[in-house]
Protein chains: 2
Amino acid sequence: MKKNVTISDVAKQAEVSKTTISRYLNGHFGNMSSETKDRIEQVISELNYRPNRQAQALKSKRSFLIGVIVSDISNMYSSLLLKGIGEVLGEAGYQMIIMDAANSIEKEQDLLHKLIDQSVEGIILQPSLREASHYQFIKDENIPLLLVDRGIEPLIFPLVTTDNETATKKMIKQILDKQYERVVVVSEPLADIVTREIRYHSIKEVVETKNCLLNLVEVTKETNLNHEIEKCLKYHEKTAIFASNGKMLMEILTILITEKIELPDEIGITGFDDWNLSALVGPGITSIEQQTQAIGNVSGTQMLSYLEDETKENETKIVSAIIRTRNSI
Amino acid sequence: MKKNVTISDVAKQAEVSKTTISRYLNGHFGNMSSETKDRIEQVISELNYRPNRQAQALKSKRSFLIGVIVSDISNMYSSLLLKGIGEVLGEAGYQMIIMDAANSIEKEQDLLHKLIDQSVEGIILQPSLREASHYQFIKDENIPLLLVDRGIEPLIFPLVTTDNETATKKMIKQILDKQYERVVVVSEPLADIVTREIRYHSIKEVVETKNCLLNLVEVTKETNLNHEIEKCLKYHEKTAIFASNGKMLMEILTILITEKIELPDEIGITGFDDWNLSALVGPGITSIEQQTQAIGNVSGTQMLSYLEDETKENETKIVSAIIRTRNSI
DNA sequence: ATGAAAGCGCTAACAT
DNA sequence: ATGTTAGCGCTTTCAT
């Protein structure tokens, strides 16, 4: 069992003071003789020395840690987001502490505190709550918080998100162009998350200008989705379902395919998120692809810039989405 | 801007020494008067004090940090694995530092060092290399390493993985029962990862006892998968493709569906992994579902037990897989 | 039942 | 060109 080698061991071995080693480590060779430099380099590799990050952080107030909280890590969205963030932050020498709020608002609050306890330099959060008050304490701690995917009210932090409004409206126009007479939006409860509301209202806005009916199904644990879809099939109007996120789209498709409903003849279906499956299921599912990894990249970049310059404004960065037109509407 | 409150602030305010506060924090109220206890509790909540983890770790050698490295965080497998690990570790008061090796063996090595720099108490790794020598240094550092998904040679660390052999053999038996005369295994390069080899050899073993032909297609960046599949379609024998992981299965299905190949009439298809899509694509894809989240749970549990008792043997924990029988073979 | 003091591994004035 | 010294915020031994 090898004991951990510290800066003192290196100093002793190299016959200089800890200060000099520290200077070497931090690249402060103002006027360090190249002999000592070489000797230190030599000793470090000999002893296999690596500085202790905790000690560095404690003293220098720089942890090089960024906390990231996603609302559900098993969601495809999270995977791509984390990939994107990690690419940028890793490049810049930061580590991510990733945490999973597991769709629990209590857990999210707990995790935020835990991140702060770890002295993270910044936090990237996909928030589970829409009221800014729940996140005010982070502002008080004076640590940069960047929201991703979802906004809060009022929007007191910077945000990186998809252009939900544009993408949704474009898609609805496609639906209307195909002479649909009724759109059924299937969404998780609107009130919880701003993004859901934006998507719904974008639809509503477009639909209402045309002679088209609109229904909203808010899905909770109690909802019998099978039953809701049956209702859709009974409408006399030509009907399209709009799933407001990938999970909903997935669940609806499972039912439609299982029940051997003809798409788009018996019913049209589209919505957010275009995952691998969309091209392969049924006749090909027309859907909206969020550029999630790009959102991650932008988030990482923004975070880095806040770290450098804390006076930045609360700007919102919008990343466009892509309409994947296939044959389900 | 609020300055960070430290244990000294609390001590001052509560009119006791830092020692007493520390005792309180760590639950060492051997014979602390309940008055002081109450007073400390009071002051802590008043000042909103939270101990600094870095300082605690530095002094006590307990970081409560577990490093996790996955080979590609955008893979569905990683998501579920992380979910599973996180559930167990979070419950036990540990934080995960999750890192993405992004399918790079250099990056993986670098990340391992970075984790050690962060004083993680243990590491859970989905290894990208099969030679144990690359990971020997972790043993030297005396920090518990748990492998997940993939083994190394020799297997000098504990491992949690799917029962690849049993699942693969069961599936191949189903294929043989259906009178297939040729099996084409499509895999990423066998030599790189032990698991791939296990899967292939399990197939080979079963197939060779029967009157059935066997092909192996090792897919690299240069491979033209379309072309390989065309070849499969031209065989005179009744042929089934076995995709050795979810990514391969996905890519093959994309081609088969795009080309409107009739499944399973023109060709049979099955393999690892059963993700959401498998039930929805084509006639329903028969495939092998790894219980990935369970593997994560087991990994977390094992890690906790190593943390408690470092003398544990290098046991391998096998988690069974589930055959999802549908209609693609 | 509580404190004083030393020190974890590092950094950064302030020396020289 | 390099060293001395004082801490960062905490835990723990040894006192009392």
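Proteins get letters first, then strands, A, B, ... in listed order; numbering begins at 1 in each.
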Novice: What is the distance from CD1 of A/I40 to P of D/dA1, rounded to the nearest Å?
Specialist: 14 Å

Novice: Calculate the interatomic distance between B/I7 atom CD1 and D/dG7 atom C1'; express it in whole Å.
Specialist: 16 Å

Novice: Using a 4.0 Å cut-off to any heavy atom of chain B, which nucleotides of DNA chain C are the first and last in contact, reading 5' to 3'?
Specialist: C/dA1 to C/dG9

Novice: Atom NZ of B/K12 and atom P of D/dG9: how far apart are they, to the nearest Å?
Specialist: 11 Å

Novice: Sequence neighbours excluded, which residues qualify as side-chain contact (heavy atoms from CB on, under 4.5 Å) partners of B/V194?
Specialist: B/R130, B/E153, B/I198

Novice: Estimate the overall bend of the helix from C/dA1-D/dT16 to C/dT16-D/dA1 from the end axes over five pairs each, rounded to 10 degrees.
Specialist: 40°

Novice: I want to check one thing: is the phosphate of D/dT11, taken as OP1 and OP2, less than 4.0 Å away from some side-chain N or O of B/Q56?
Specialist: yes

Novice: Describe the nucleic acid contact of B/E35 in one word from base, sugar-phosphate, nothing, applying a heavy-atom distance below 4.0 Å.
Specialist: nothing

Novice: On the nucleotide D/dG9, are OP1 or OP2 found under 4.0 Å from the side-chain N or O atoms that B/T6 carries?
Specialist: no

Novice: I need the CG-P distance between A/N52 and D/dC10, as an integer number of Å.
Specialist: 16 Å

Novice: By ring pair (Phe, Tyr, Trp, His ring centres under 6.0 Å), which residues pair with A/Y24, not counting sequence neighbours?
Specialist: A/F29

Novice: Identify, with sequence neighbours excluded, every residue that meets salt bridge (charged side-chain N to carboxylate O under 4.0 Å, His left out) alongside B/R23.
Specialist: none

Novice: So that I can tick it off, tell me whether B/E121 and B/K61 are bridged by a salt bridge, with the cut-off set at under 4.0 angstrom between side-chain N and carboxylate O.
Specialist: no

Novice: Are there any protein N/O atoms within less than 3.5 Å of an N/O atom in nucleotides 12-14 of chain D, and if so, which ones and at what distance?
Specialist:
from   : atom 1 : to    : atom 2 : distance (Å)
D/dT12 : O4     : B/T19 : OG1    : 3.2

Novice: Suppose we screen for salt bridge (charged side-chain N to carboxylate O under 4.0 Å, His left out). Which residues come up paired with B/K107, at least two apart in sequence or across chains?
Specialist: none

Novice: Using side chain to side chain donor-acceptor pair (under 3.5 Å) as the criterion, list what pairs up with B/E108, not counting sequence neighbours.
Specialist: B/S128, B/Y135

Novice: A/K61 has an atom NZ; how far is it from atom C1' of D/dG9, in whole Å?
Specialist: 7 Å

Novice: Would you please name every residue forming a side-chain contact (heavy atoms from CB on, under 4.5 Å) with A/S133, sequence neighbours left out?
Specialist: A/E131

Novice: What residues, two or more places apart in sequence or in another chain, satisfy ring pair (Phe, Tyr, Trp, His ring centres under 6.0 Å) together with B/H28?
Specialist: none

Novice: So what does B/Y49 hit on the nucleic acid, given a heavy-atom distance under 4.0 Å: a base, only sugar-phosphate, or nothing?
Specialist: sugar-phosphate

Novice: Test: ring-ring contact (aromatic ring centres under 6.0 Å, His included). Region: residues 52-103 of chain B. Which pairs qualify, not counting sequence neighbours?
Specialist: B/F64-B/Y94

Novice: Check A/I152 against A/L129 and note the closest heavy-atom contact, atom names and distance.
Specialist: CG2-O, 3.4 Å

Novice: Find which nucleotide of DNA chain C each of A/A55 and B/M32 is nearest to by heavy atoms, and output the residue with the more 5' nucleotide.
Specialist: B/M32

Novice: Not counting sequence neighbours, which residues clear ring pair (Phe, Tyr, Trp, His ring centres under 6.0 Å) with B/F157? List them please.
Specialist: none

